[in-house]
Amino acid sequence: MKYRSKIGVLWMMCIAFMLWLTYGICRSVDTNNWEWWIGAVTIIGSDLLFLNLTFGTWYQFHDDDLEIKCGIFSQATIPYRDVVEFKETKIH
């Protein structure tokens with residue numbers, strides 16, 4: 001069984017605010033300036049990484065272990081004997 005990570009309302013508001021700020025910054029600056037392009041690529045890259053970490057996190061239960069994936073960089077497999085506690089959440 002595979003489950004996506006729960007994303008709270010406050011976290012979604014932070015993501016919306018981050019994207020709104022990025023849009024405002026990218027829209028309000030002179031695009032003929034090479035320094036603007038470096039900043040824009042850095043900000044947009046950070047946003048994409050943040051979004052991938054937020055929406056790319058999941059948990060999968062196997063026969064002998066729990067697999068956890070967090071974005072593109074982190075993946076772990078934990079044997080059930082090492083798990084102390086887990087709690088199921090429901091999104092309403």
Side-chain angles (χ1 to χ4, degrees):
M1 298 176 347
K2 188 174 184 177
Y3 298 94
R4 298 186 73 71
S5 184
K6 181 180 176 183
I7 302 169
V9 174
L10 182 60
W11 194 253
M12 291 300 289
M13 289 171 47
C14 290
I15 290 173
F17 184 68
M18 174 193 70
L19 294 174
W20 178 72
L21 284 177
T22 300
Y23 173 75
I25 290 170
C26 289
R27 193 161 181 256
S28 66
V29 180
D30 179 21
T31 58
N32 293 327
N33 187 348
W34 67 273
E35 294 167 341
W36 179 87
W37 284 103
I38 292 173
V41 167
T42 302
I43 290 170
I44 292 170
S46 298
D47 289 353
L48 291 174
L49 178 62
F50 187 75
L51 290 171
N52 180 265
L53 290 172
T54 299
F55 296 107
T57 301
W58 49 264
Y59 310 90
Q60 187 167 5
F61 293 93
H62 298 285
D63 290 334
D64 299 324
D65 53 34
L66 170 64
E67 181 182 4
I68 303 169
K69 176 79 170 159
C70 182
I72 59 175
F73 297 115
S74 180
Q75 184 168 352
T77 302
I78 303 170
Y80 288 137
R81 67 180 179 277
D82 294 341
V83 175
V84 177
E85 177 183 12
F86 74 91
K87 200 183 320 181
E88 184 177 353
T89 58
K90 296 182 180 179
I91 300 173
H92 298 286

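Only heavy atoms go into these numbers, but all of them, side chains included; no hydrogens, no water, no symmetry mates.
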Working to the nearest 0.5 Å, report the span between [atom1] of [X] and [atom2] of [Y].
{"X": "I44", "Y": "Y23", "atom1": "CD1", "atom2": "OH", "value": "12.5 Å"}
{"X": "T42", "Y": "W37", "atom1": "OG1", "atom2": "CH2", "value": "12.5 Å"}
{"X": "H62", "Y": "I78", "atom1": "NE2", "atom2": "CD1", "value": "11.5 Å"}
{"X": "F50", "Y": "C14", "atom1": "CZ", "atom2": "SG", "value": "6.5 Å"}
{"X": "T54", "Y": "L49", "atom1": "OG1", "atom2": "CG", "value": "9.0 Å"}
{"X": "Y59", "Y": "E67", "atom1": "OH", "atom2": "CD", "value": "12.5 Å"}

For residues [X] and [Y]: do they belong to one hydrophobic cluster (side chain heavy atoms under 4.5 Å, members Ile, Leu, Val, Met, Phe, Trp, Tyr)?
{"X": "L66", "Y": "W58", "result": "no"}
{"X": "I68", "Y": "V83", "result": "yes"}
{"X": "M12", "Y": "M18", "result": "yes"}

Within the distance-only criterion (no hydrogens, no angle test), does the side chain of K69 pair as donor or acceptor with the backbone N or O of G71 below 3.5 angstrom?
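Present.
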Measure from the side-chain N and O atoms of N52 to the backbone N and O of I72, and report whether any donor-acceptor pair falls under 3.5 Å.
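Yes, because the side chain of N52 sits within donor-acceptor range (under 3.5 Å) of the backbone of I72.
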Are any of the side-chain heavy atoms of L53 and C70 separated by less than 4.5 Å?
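Sidechains of C70 and L53: in contact.
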Heavy atoms, side chains only, cut-off 4.5 Å: are I7 and F55 in contact?
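Heavy-atom side-chain distance check passes, below 4.5 Å.
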Do other residues, nucleotides or ligands put more than 12 heavy atoms under 6.0 Å from the [atom1] atom of [X]?
{"X": "D82", "atom1": "CG", "answer": "yes"}
{"X": "W11", "atom1": "CH2", "answer": "no"}
{"X": "W36", "atom1": "CH2", "answer": "yes"}

Parallel, tilted or perpendicular, judged at 30° and 60°: which one describes the rings of Y80 and F61?
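Taking F61 first and then Y80, their aromatic rings lie parallel (interplane angle under 30°).
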Would you please test L51 and L19 for side-chain contact (heavy atoms from CB on, under 4.5 Å) and show each step?
CA-CA 10 Å; L51 290 171; L19 294 174; 4.3 Å; yes
